[in-house]
Structure formats: structure tokens, C-alpha cells
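Counting starts at 1 for both ligands and their atoms, in listed order.
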Amino acid sequence: MTDANEYSSGLIASEVELVPENYFAPLDLQKIFRRPAPVEVDLGCGDGRFLTAMAGRHPDRNFLGIERLVGRIRSACGKAARAQLPNVRVLLIESAYAVEYLLPPASIDVLHLLFPDPWPKKRHHRRRLVSSDFLAAAHRALAPAGRLRIATDQVDYFQAIRQLAAASEFRDEVDYGTDNFPLTTFEKHFVAAGAPIYRLRLRKVSPPTKASAAQ
Ligand SMILES: C[S@@+](CC[C@H](N)C(=O)[O-])C[C@H]1O[C@@H](n2cnc3c(N)ncnc32)[C@H](O)[C@@H]1O
């Protein structure tokens, strides 16, 4: 496996932004990152604080940020370039589309979904990202035993996600008190305000194949 430090220095922000050659085919992640390494994806990466902190901590892993706001894409690319992180790419696109169509099947080690837009009003709940279709697409994109990490400050969104997850092919890992992840920008604000944060860590389990069921 190549160490991130072996890449040439002088990374500039425009090199961090990923503009796919084809928006209708799965991404070639090895070509994009110029090396094979486990890939983590930050869905709705905002200003890239968490993404770049993770990439700095784990130079042996690749990190893809997905975000739909241009200004936040610029912030994230700027942070990655200033920190000279060759293991970061940032993609301007809608998360559900990316997970369904752009992430290759069984390719992603960890999907992070941290403080997704909460849409608290009942009539807006259908705009929320997490649905049974989203979970099915996330399950396809994850490598065997891959994880989907979710955090939110909205208790009703959290409960709805837990219900959807219980009916999916994910298992809640339940005990993850020892996780030590960098704070996201929104998380920093919630922590400072003493707001509760609800977390879920789901592990992909695969349905038994005919061969394994027969054993
Ligand atoms: C509440 S902010 C959290 C940002 C960051 N994860 C954090 O914790 O600091 C939600 C972010 O997700 C982005 N976002 C919301 N819905 C999205 C979608 N469907 N596709 C891509 N980005 C989305 C928003 O633009 C925003 O930057």
C-alpha cells in the first residue's frame, strides 16, 4: 500500500475537487486516488473539517467528501490543499444519487453521515436523506462488514432511522462508546451548546448465500 506522503507536494484546491468524466457510471476509485486503499465517504461533508481531520490522521486511507453546496465544496478543497492531503477528493453532487449510482458496489469501507439536514417539520420529512431506499443503496456500496456511521441532534430523525435500520440488512453495533473521531463543524456547535447527540453505527451484514444456508 502506498503511503500518502509519497505523493508529490504542491497540491492545489482545484486538484482536490473531483469532476467525474461520466456522471452515469460508477467511479473508478483506484484511478481517482491513484492508489488502492480503503475508502471512507463523508456524505454532506460541509466545510470539510471532519473529512480533512480524518485524512490527516489516516494517510493510509482514501477520503471522499460529497456535498451539494458550492461554497462548502470550496472550503473543503481549500482545507485539503492547505494541509497537503493527497488522500482527499471532494465531489459536488447530491448524496442519494452518489450512493445509488456513483459508488461502485462493495467498494466503501465506511460511510459517514454526520448531522444530515434534519428537516424537522413533519411536512418536510420526505426530504430527509435516510429512507429504506437510501439504506439499501448504502448497503450495496459498502464492502463486506463495512460500516455506516450516523449522528444527528434530532431525536425523531434518529428514531426513524433506527426503525428503518432494524428492517434492513444492517446490524446496529450498539456498543461504540470508545469511538474517538474528530468533531465535525456542526458537532462542535452542538457540543458547545450542550445539545444531545444521537449516534448509530451500522454494520453491513450479507444475507446467507444458498451454499452457506445449506451447511
Ligand atoms: C447540517 S450540515 C452538516 C455538515 C457536516 N457534516 C457537519 O457535521 O459539520 C448538512 C450538510 O449536508 C449537506 N447536504 C444536505 N443534503 C444533502 C444532499 N442530499 N446531498 C449532498 N449534501 C447534502 C448540506 O449542504 C450541509 O453542508
Undergrad: If you define the side chain from C-beta out and look only at heavy atoms, does anything of Leu64 sit under 4.5 Å from Leu27?
TA: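 SC-SC contact between Leu64 and Leu27 confirmed.
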Undergrad: With sequence neighbours excluded, tell me which residues meet side-chain contact (heavy atoms from CB on, under 4.5 Å) with Ile12.
TA: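 side-chain contact (heavy atoms from CB on, under 4.5 Å) check on Ile12 returns Ser14, Glu15.
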Undergrad: In the structure I gave you, are the side-chain heavy atoms of Val155 and Pro196 within less than 4.5 Å of one another anywhere?
TA: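 Sidechains of Pro196 and Val155: no contact.
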Undergrad: Who's touching ligand 1 if we go heavy atoms under 4.0 Å?
TA: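 Residues within 4.0 Å of ligand 1: Gly44, Gly46, Glu67, Arg68, Leu69, Arg72, Ile93, Glu94, Ser95, Leu114, Phe115, Asp117, Thr184, Thr185, Phe186.
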Undergrad: Do Lys79 and Asp47 sit within salt-bridge range, that is, some charged N less than 4.0 Å from a carboxylate O?
TA: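 Salt bridge present between Lys79 and Asp47.
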Undergrad: Is there a path of hydrophobic side-chain contacts, each under 4.5 Å between heavy atoms of I, L, V, M, F, W or Y residues, that connects Leu202 with Val130?
TA: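 Cluster IDs for Leu202 and Val130 match.
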Undergrad: Show the numbers, then the answer: is there a ring-ring contact (aromatic ring centres under 6.0 Å, His included) between Tyr198 and Phe158?
TA: CA-CA 7 Å; Tyr198 305 93; Phe158 175 71; 5.4 Å; yes
